[in-house]
Amino acid sequence: MTSPLRFTLRAAGVSLVLDASDGHLPTVLHWGADLGAQDADALAQLAAAVAPTPLPNGPDAPVRVALVPEQASGWVGRPGLTGWRDGGVDWSPRWRVTDVASEGTPIRDGADLGAAAVTVTASDAEAGLILTLEVELTPQGLARARASVANDAATDYHVGELLVTFPVPRRAREILDLAGSWGAERHPQRRALTVGVHLREGRHGRTGADAATILHVGEPGFGFARGEVWGVHTAWSGNHVHYAERDASGHQLIGGGALLLPGEGRLGPGASHRGPWVYFSHGVGLDAVARRFHRWLRARPQHPDRARPVTLNVWEAVYFDHDLDRLRDLADRAAALGIERFVLDDGWFGSRRDDTSGLGDWVVSAQVWPDGLGPLVDHVTGLGLQFGLWVEPEMVNPDSDVARAHPEWLLQPGHGRLPVEARHQQVLNLGIPAAYAHVRDQLMALLGEYAIAYLKWDHNRDLVEAGTAPGGAPGVRAQTLAAYRLMDELKAAHPGLEIEACSSGGARVDLEVLQRCDRVWVSDCIDPLERQTMLRWTGQLLPPELLGSHIASGRSHTTGRVHDLSFRAATAVFGHLGVEWDLAQASDDEIAELGAWISWWKANREHLLGGDLVRVDTPDADVWIHGVVTPKRGVFAVTPGRIDAVTNLGDVVLPGLDPDADYDVSVVRVGAEPPVWGAPAWFGGVRLSGRALASVGVRFPAMAPDHTVLVDAVRT
């Protein structure tokens, strides 16, 4: 291919302009705000305007940085493909594009494809390699790309890393990504984009509580509604990479891919390796970036509807103390409150009386459940509730029947030793067909016997030294693919089954596992103060209907803090609502207030789980303002986390509404009133335009910390 080949993908206010001229791998001429229609001549002029120039003391020809950056172009930054053959040869392929097509149709120069998928095929005949690059712009303006490399020679080829990248303009000079730990998932962190590589590697064998989630690069000072932002997310639940790079020439890239352990990328003759989808989102402000992810997820055919069932999970109510009468009583209390799903948590199987034993034996305990789970399942479903069950299919206790019978099924580094235990657990190697079949068949038997509508799928430890016996060859990639396959098989056999991605809280949150799961458990910490941050930033990737968000007991089981029910509930309603509380210990007043919150959420869930997320930038780090906006309405939450040196919160703006429409604005009153000093008259109702609400706002009085006021703005 020697002729010019430049083309545009356009959707939802975004243009992605690619240049695959003269047989080169595609480069990005523009990714960002829509440029409008561009014919071949206009694209040629654009290419000339942004063409790279030679650098002093650099290659004589300008360096082209492709979507899979290649050293053969003169690029001395991080290469897209790191690979080699024995003897250290064929480590720097020089790709020549042989085909560029959309849905099998060759692309012509100057094509405007709209929202479309493009496949680029390239090869290096001397190295015996074929590269396939898939690029797509969705109708929501979300871009994604993935690369595959195939071995077309007679000797093995070793893939060390396969990354895809998009460029960002030089005005984008600040990085924001996420970090965290168990019970404190997804906290933001910022730094300048300087020369070098900002590298976020996940080596947990799962996405990880400390995952970058989305790595953003934007104009300095960007916020939720201001500044251009470009973001990247690697959709892979195993070891993975996100990175941003700036070199001395001023090239700036963001990208990602899977992180392969030694040997995981070994390709025999004719074999291939395909990397994960890497997603790229652009917008003015973080909210715009988030909405592209949300709208794409909501457009999927398998996306759950907005009538998400209110869930009672019994973990913090009973822990391992499973008693049929007590659990029936909890189900009765739940049904009386309007709860719609009952989930039996850990402790129902094998010898599992605590966390030291029985994990991996997915057979109902005859000791605890002499008549099986049927009496409880029948009672729950007889009340009109769905029944859900906790499982952890990828894990085992060494003190379990399966581990004793098959020690070779545990992931291990070889030489006859096991990895360090974590939570008294090891990992069952699902890459071994017999181990996979064992777990699959036990879960299929449970789903076949009982009316189970929902699996809470846990994953409570990292994959450390995760190899396959006896030699210990790394098995994280195979384990990840097997977990996906297991979820797929269970759902195919049991249509309508829902799965929650629970990984010791929120340690498996990515867009690939979300192709199989119907929500995530944001964190094991249900303290509403901590959840303000965790819900806020998990929402950067996922819409509220995918966020497990529960009202817990008054004293948090993870932090020991005590909060009013109004604060716990007003925090939880901005997600898929549930309850994690021993209802038998709640007072009559608490039950009445909890019932009122559940009723309010059910009456409003179509709005709360269907609108656009709006988050408000505030100068005070401990004041959170956010909401959900639809064309007819906005519901906002205002929460101070501490008492400031300045007493009143002041004028709180409520953006995102139609500026030319009027809204009736009032405070939502459910249950106990949050304490404020001198409630203003508008709490009872005021009519303002969307423009006034976004520009002037409403005056808030002094509020007690750790409380929330909900504001409802209804279009007139």
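The first residue of the sequence shown is numbered 1, and numbering continues consecutively from there.
Put simply, the side chain of Ser549 reaches to within 4.5 Å of the side chain of Leu535, judged on heavy atoms.
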Inset, instruction - Give the intermediate values and the outcome of side chain to side chain donor-acceptor pair (under 3.5 Å) for residues His607 and Thr630. - result: CA-CA 7 Å; His607 173 88; Thr630 64; 3.2 Å; yes
Inset, instruction - Verify side chain to side chain contact (heavy atoms under 4.5 Å, CB included) between Val241 and Leu199, making sure each step is shown before the conclusion. - result: CA-CA 7 Å; Val241 171; Leu199 177 63; 3.6 Å; yes
Inset, instruction - Would you check, one step at a time, whether the test side chain to side chain donor-acceptor pair (under 3.5 Å) holds for Ser237 with Asp510? - result: CA-CA 6 Å; Ser237 306; Asp510 63 82; 2.7 Å; yes
Inset, instruction - Decide yes or no on side chain to side chain donor-acceptor pair (under 3.5 Å) for Arg78 and Thr165, but give the supporting numbers first. - result: CA-CA 10 Å; Arg78 192 176 179 91; Thr165 69; over 6 Å; no
Inset, instruction - Please step through side chain to side chain contact (heavy atoms under 4.5 Å, CB included) for the pair Val17 and Gln38, ending with a clear verdict. - result: CA-CA 9 Å; Val17 184; Gln38 302 282 306; 5.7 Å; no
Legend entry - Full working for side chain to side chain contact (heavy atoms under 4.5 Å, CB included) between His576 and Leu547: CA-CA 6 Å; His576 180 185; Leu547 307 182; 5.9 Å; no
Legend entry - side chain to side chain donor-acceptor pair (under 3.5 Å) assessment of Thr538 paired with Arg186: CA-CA 6 Å; Thr538 308; Arg186 281 169 295 286; 2.6 Å; yes
Inset, instruction - Using the side chain to side chain contact (heavy atoms under 4.5 Å, CB included) rule, take Asn239 and Glu201 through it: C-alpha gap first, then chi angles, then the decisive distance, then the call. - result: CA-CA 7 Å; Asn239 295 334; Glu201 292 186 337; over 6 Å; no
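More than 12 heavy atoms of other residues, nucleotides or ligands shown are found within 6.0 angstrom of CZ on Arg191. Applying the 6.0 Å contact sphere to CZ of Arg94 captures no more than 12 heavy atoms from other residues, nucleotides or ligands. By the neighbour-count criterion of 12 heavy atoms within 6.0 Å, atom CZ of Arg266 is sparsely surrounded, having that number or fewer from other residues, nucleotides or ligands. The neighbour count for Gln302 CD, taken as heavy atoms of other residues, nucleotides or ligands under 6.0 Å away, is above 12.
Contact record, Leu81 with Val159: CD1-CG1, 4.1 Å, taken as the closest heavy-atom pair. Nearest approach of Ala212 to His242, heavy atoms of both residues: CB-ND1, 3.9 Å. In terms of heavy atoms, Pro93 sits closest to Asp124 at CA-OD2, 3.3 Å. Nearest approach of Asp34 to Ser15, heavy atoms of both residues: OD1-OG, 2.7 Å. The two residues Gly548 and Arg519 make their nearest non-hydrogen contact at CA-NH1, 3.2 Å. Closest heavy-atom contact between Gly141 and Val14: O-CG2, 3.8 Å.
Among residue pairs with one or both ends in residues 173-226, those qualifying as ring-ring contact (aromatic ring centres under 6.0 Å, His included) are Phe224-Trp537; sequence neighbours excluded. Applying the ring-ring contact (aromatic ring centres under 6.0 Å, His included) test to residues at least two apart or on different chains, the pairs with a partner in residues 280-301 are Trp31-Phe280, Phe166-Phe280, Trp230-His282, Tyr279-Trp296.
Under the 4.0 Å criterion applied to side-chain N and carboxylate O atoms, Arg508 and Glu394 are assigned as salt-bridge partners. The pair Arg298-Glu545 meets the salt-bridge criterion, with a side-chain N (NZ, NE, NH1 or NH2) lying under 4.0 Å from an Asp/Glu carboxylate O. The pair Asp462-Arg203 does not meet the salt-bridge criterion, since no charged nitrogen lies less than 4.0 angstrom from a carboxylate oxygen. The residues Glu392 and Arg461 are annotated as not salt-bridged, no charged nitrogen and carboxylate oxygen being separated by less than 4.0 angstrom.
With no hydrogens or angles considered, a side-chain donor-acceptor pair links Arg246 and Gln252 at under 3.5 Å. Judged by distance alone, the side chains of Thr571 and Arg531 never bring a donor and an acceptor atom under 3.5 Å apart. Counted by atom type alone, Gln540 and Arg615 present one or more donor-acceptor pairs between their side chains at under 3.5 Å.
Using a distance-only test at 3.5 Å, with no hydrogens or angles considered, no donor-acceptor pair links the side chain of Asp210 to the main chain of Gly180.
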Check: residues 271-278 side-chain donor-acceptor pairs under 3.5 Å, at least two apart:
none

